[in-house]
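Structure first, commentary second.
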Amino acid sequence: MELLSSTKSFGGWLKRYKHESLSVKGDMTFAIYLPPQAETQSVPVLYWLSGLTCTDENFSQKAGAFRKAAELGLAIVCPDTSPRGTDYPNEHESYDFGSAAGFYVNATVEPYSNTYHMYDYVVQELPHLVEANFPVTDKRSISGHSMGGHGALICALKNPGKYQSVSAFAPIANPTNCPWGEKAFTGYLGEDKTTWNEWDATLLIENASERLPLFIDQGEADNFLVEQLKPEALEAACEKAGHPITLRRQPGYDHSYFFIASFIDDHLEHHSRALS
Ligand SMILES: N[C@@H](CCC(=O)N[C@@H](CS)C(=O)NCC(=O)O)C(=O)O
């Protein structure tokens, strides 16, 4: 691992690293915030998955999370949102596919299937790396925004026991049924829509073997709410299956990091309770 930067914040340290990833067969960058408590003890970890157009840096710079993380003794790990360094057809042409839009799946369509394995990276490789190299416990939680909210939900639903808690801001809750998800899943997973189902939180709910409560904030003034995000589909699936969900509809809030910053403390407290 190569240390890219180290910045003190609220008594802890925000560190950015580059490392060679086996899952995506190339260099990846991630950030880790280590709270002050990590100087003397191992701390639990919250994984944060960002949305379309983001890198590992958006959350660190805009969410305003580190004051509360320092208070709670919570490490936060922020991966990048896609593999980098390749030049596949259509990879860099649009904001919602290819680079910065990995959708946290394992691609099966060439050439993306060679490297776009963000699911394996986030669920397996990154926790392994983090737990081997930093003063952290093996207690993990996961959260994210938009594409990353979708990512957090599917990672938790597909891996019972791996995460102590899960939350999301404005997640793409039913990606098999919205333009962002249809475009990404066609490109990464192919035309056979039956292969998409295992990557859709709403469709995973019915057969989830662990009823880990979902905690979700959604801005009511979010421009993407009706066409892309569809939290009502996830809510209906949860009601049908008896899966616990808290879906808070926040009047006036949009899709931006101003919305995330307004409610991030509630999410950190939610995770800290589950992790302690
Ligand atoms: N058209 C917008 C859509 C992308 C968007 O809203 N991205 C969200 C996540 S889905 C985001 O976090 N953008 C980066 C930021 O606000 O820092 C853009 O190109 O920025």
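Along the sequence shown, the residues carry numbers beginning at 1. Just the heavy atoms: all of them, side chains too, but no hydrogens, waters or symmetry mates, feed the values below. Whatever order the structure lists ligands and atoms in, that order sets their numbers, starting from 1.
- Close contacts between ligand 1 and H255 involve ligand atoms 6 (O), 10 (S) [criterion: under 4.0 Å to a heavy atom].
- At least one N/O-N/O distance between N58 and ligand 1 falls below 3.5 Å.
- A ring-ring contact (aromatic ring centres under 6.0 Å, His included) with F59 holds for exactly one of F169, W48, F30; it is W48.
- Looking at M147 against ligand 1, nothing comes within 4.0 Å, counting heavy atoms.
- By the 4.0 Å heavy-atom criterion, S256 is excluded from the residues contacting ligand 1.
- Annotation: atom 5 (C) of ligand 1 to nearest protein heavy atom, L52 O, 3.9 Å.
- When ring centroids are compared, W180 and F224 come within the 6.0 Å threshold.
- Remark: ligand 1 atoms within the under-4.0 Å shell around heavy atoms of F224 are 3 (C), 6 (O).
- Geometric assessment of K158 against the ring of Y119 yields a positive cation-pi assignment under the 6.0 Å and 45° thresholds.
- Nearest heavy-atom pair across R249 and E220 is CB-OE2, 3.4 Å.
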Subject >> Evaluation steps, side-chain contact (heavy atoms from CB on, under 4.5 Å), between V122 and Y47 >> reply: CA-CA 8 Å; V122 164; Y47 289 83; 5.6 Å; no
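- For atom 3 (C) of ligand 1, the closest non-hydrogen atom of the protein is Y95 CE1, 3.5 Å.
- D222 contributes no side-chain N or O that, together with a main-chain N or O of G219, makes up a donor-acceptor pair within less than 3.5 Å.
- Those atoms of ligand 1 with a heavy atom of K62 less than 4.0 angstrom away are 15 (C), 16 (O), 17 (O).
- Short contacts between ligand 1 and S146, defined as distances under 4.0 Å to a heavy atom of the residue, involve ligand atoms 10 (S).
- The aromatic ring centroids of Y112 and F97 lie less than 6.0 Å from each other.
- The nearest protein atom to atom 19 (O) of ligand 1, hydrogens excluded, is given as T53 CG2, 3.6 Å; this is a heavy-atom distance.
- Close approach to C54 involves these atoms of ligand 1, each under 4.0 Å from a residue heavy atom: 11 (C), 12 (O), 13 (N), 14 (C).
- Atoms of ligand 1 found under 4.0 Å from any heavy atom of G51 (numbered from 1 in listed order, with element): 9 (C).
- Side chains of D56 and Y17: no donor on one and acceptor on the other come within 3.5 Å.
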